[in-house]
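Accompanying notes for the structure given below.
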Amino acid sequence: MTLRLFFDEIRSNVAEICNKLGYAPTDFDITETSRPEFGDASCNIGFLLARSLKKRPFDIAEIISSEYNKIKGKFVLGVSAHDSGYLNFTANYSALAGHIITDSINSDYGKIDLGKNSKIVVEHTSVNPNKALHVGHVRNIIIGDVVSRILQKASYDVSVLNYVDDSGLQVADIIVGFKYGGYSDKPPEGQKFDHYCGDIVYVNITERYENDKSLAEKRTLILKELEEGKSDIAKFGDAITRRVLEEQLKTCWRLGATYDCLNFESQIIQSNLWNTIFEKMKSMNIIELEREGKNAGCWIIKGESEDDKVLVRSNGVATYIAKDIPYAAWKLGILDDPFFYKQYAIQKNNRILWETTLDNKDAKLKFSGERVITVIDSRQSRLQNIIKKIMNDFKSKENSYIHLGYESVTLSADTAKSLNLDTGGKSIQMSGRKGIYVNADYVLDILSAKTYEEAKKRNPDLDEIRLLQISEQVAIGALRYAMIKQDLDKLITFDMTESLSLEGDTGPYIQYAYARAMRILEKAEIMPKFDVVFDQLTSHEKELIKTIGKFDMQIEDAAKNLSPKTIAKYCYKMAVSFNAFYEHVKVLTAESESLKNTRLCLVYSFKETISKALHLLGIEAPDRM
RNA sequence: GGGCCUGUAGCUCAGCAUGGAUAGAGUGCUGGACUUCUAAUCCAGUGGUCAAGGGAUCGAAGCCCUUCGGGCCCGCCA
């Protein structure tokens, strides 16, 4: 068990005392203290009862404190009332530490049973397969990946989906480029195909539409063929998007993200799910046929506080948002599944990646869930809200469809300048179409190169392969952490120079703490013995134990609130606690063998826990760096 | 015009859901600590009318209202 033991014990004892004293039951909190001099936990019961008992919070705290001192309990060392009105508790670390330390070395330490093994779907990435991933996409991938890891740890049965919009306008653009724009479908030597499609073909063909109307007309025709899916153009489009997708996935995998299934939009269109959904919406009166006004003849969904939204045009053709509805319904398992599944790849972590097919010789599997989380940036909020409303009607349940939105990533003025854009000192929105972006692979390469130099300087004895491995891990740690540490509703202004910083509140800082711990364990040359009594602990050791003991509570918080940042903050807190311990408490040169063993237990427990926490962030920590 | 988000230290951000103790980090700047388990570290100092105003409360950075600043979205495009 964990620090929960301590909190739970206090909670039940305080409740019991209140009951004994005849106080009305209250919803009091047991929280961590705001400062160490107040002890380890505090209770606000004094404030809550002050009015009804007509007493000062302090007096109430004092009464409870004196009662509490009679029973004490296993994990509480001291209780006291503070002038402010709080009831404060000090933990009995020699009792707690043993539980926390021995538990922390179990492989499922931190696991909680929030999900009770229920099926949940997380969709993320879903980048149009006509370009390479840029840093904006990276935020989406990392948020989705981390959320799915957290949910898994919270005992949800998670399916991760990546939606491939292989029949949209953006794909049509590059097909125009290949078929009518004179671009070869072979990239120049040394350039990844996704980079070539995005950086050269897409950007240039979009620019050429301005002066070449016939080219722009071709695009409409090609879009139609892609949607119909039978022609040679459609087959060519399929081949191209699959080549781009393959390259995009390499970047995703490099970042440490993995998936369960790829869903192709073209197949959703061909499966005719739309008709089923359309009829269902009609019969449930979710949509209506507009008789008059600007939308006359269209099937619309009524806006509550916003304008009505057209789902089917007056010519009978469904709009863009309509394409998303069958997919959303499929994710929730509302429809009979028309798809079959075949293996696309086996990923690094041995997780099989499946893809949808319409070939009934392939396997039947299930990737839908009771709840669905769709990770898309908040510019899509309006459309996502419409889908959410429809899905909740279908399910007749709130919150079965969740749009996990986040603010986008913009480029700093300096970084924009490096792309030859003068923004007048302001940051700028990225745009694939206009070529305003920084590719993810590029950022990783630069970061990795810088880290390589650092690692080599510090570890002259390590060989080339090891150094490359370390620099790749640190580069990914730096980027992932930077994308996850702030709240989802904060805009990230990406600056190339700033992203190279490896100090302070960064991924590498945390990885470094792990490497330090590993070095101590390596040099100790013995496995610590865990059947020891943890007494005479210094404040740094207590702090470290306390932080280790909070892991499962942090996971609960993160899973309930779908807040990946919570785990990032926790990892940072762990590293800070360990670094303070490292600087102030000697392990290998401890005064006695038993003290050395006790401290080794702590170091071991730390490295076990931080690696599990970092794993939730998808960050690997090197043994040396 | 309507909708969503946001405003806390020079800069980047925690804290806000669930109000309560002297508002915290990182970075920057100033100084200090490597013959020591890796200084990608640690320690100290510096730095705040919590955008502004009002309200409810014993008590507000947090809740309610108003105003102001910033970002994004609002097509029978995708």
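It should be emphasised that the depicted structure is a prediction, and the values quoted were computed from it without experimental measurement. Numbers restart at 1 for each chain; the letters A, B, ... are given by sequence-line order, proteins then strands.
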Mind checking who C29(B) pairs with, Watson-Crick or G-U wobble, both distances under 3.5 Å? G45(B)
Protein-nucleotide distance (Asp505(A), atom CG; A25(B), atom P), rounded to Å: 12 Å
Any strand is fair game: report the nucleotide pairing with C50(B) by Watson-Crick or G-U wobble, both distances under 3.5 Å, or none. none
Looking at residues at least two apart in the chain, or sitting in another chain, which of them share a side chain to side chain donor-acceptor pair (under 3.5 Å) with Tyr320(A)? none
With a 4.0 Å cut-off on heavy atoms, is Thr410(A) in touch with a base, just the backbone sugar-phosphate, or nothing at all? nothing
Suppose we define a pair by two distances each less than 3.5 Å, Watson-Crick or G-U wobble; what does A23(B) pair with here? none
Any-strand Watson-Crick or G-U partner of C72(B), both distances under 3.5 Å: G3(B)
Assign Ala515(A) to base, sugar-phosphate, or nothing according to its heavy-atom contacts below 4.0 angstrom with the strands shown. base
Contact class for Asn579(A) (heavy atom, under 4.0 Å): base, sugar-phosphate, or nothing? sugar-phosphate
Please classify the glycosidic conformation of C34(B) as syn (within 90° of 0) or anti (everything else). syn
Which whole number of Å gives the distance between the C1' atom of G69(B) and that of G19(B)? 27 Å
Mind checking Lys523(A) for me? I need base, sugar-phosphate or nothing, with any heavy atom below 4.0 Å counting as a touch. sugar-phosphate
Return the pairing partner of C63(B) with a 3.5 Å limit on both distances, Watson-Crick or G-U wobble; otherwise return none. G55(B)
Indicate, with a heavy-atom threshold strictly under 4.0 Å, whether Val585(A) touches base, sugar-phosphate, or nothing. base
What is the nucleic acid contact for Tyr582(A), judged by heavy atoms within less than 4.0 Å: base, sugar-phosphate only, or nothing? base
Could you tell me which nucleotide pairs with C34(B) by Watson-Crick or G-U wobble geometry, both distances under 3.5 Å, or answer none if nothing does? none
Which part of the nucleic acid, if any, lies within contact of Tyr509(A), taking any heavy atom under 4.0 Å across all strands shown: a base, the sugar-phosphate backbone alone, or nothing? sugar-phosphate
Just by protein heavy atoms under 4.0 Å, how would nucleotides 68-78 of chain B read 5' to 3' in B, S and -? ---SSSS-BSB
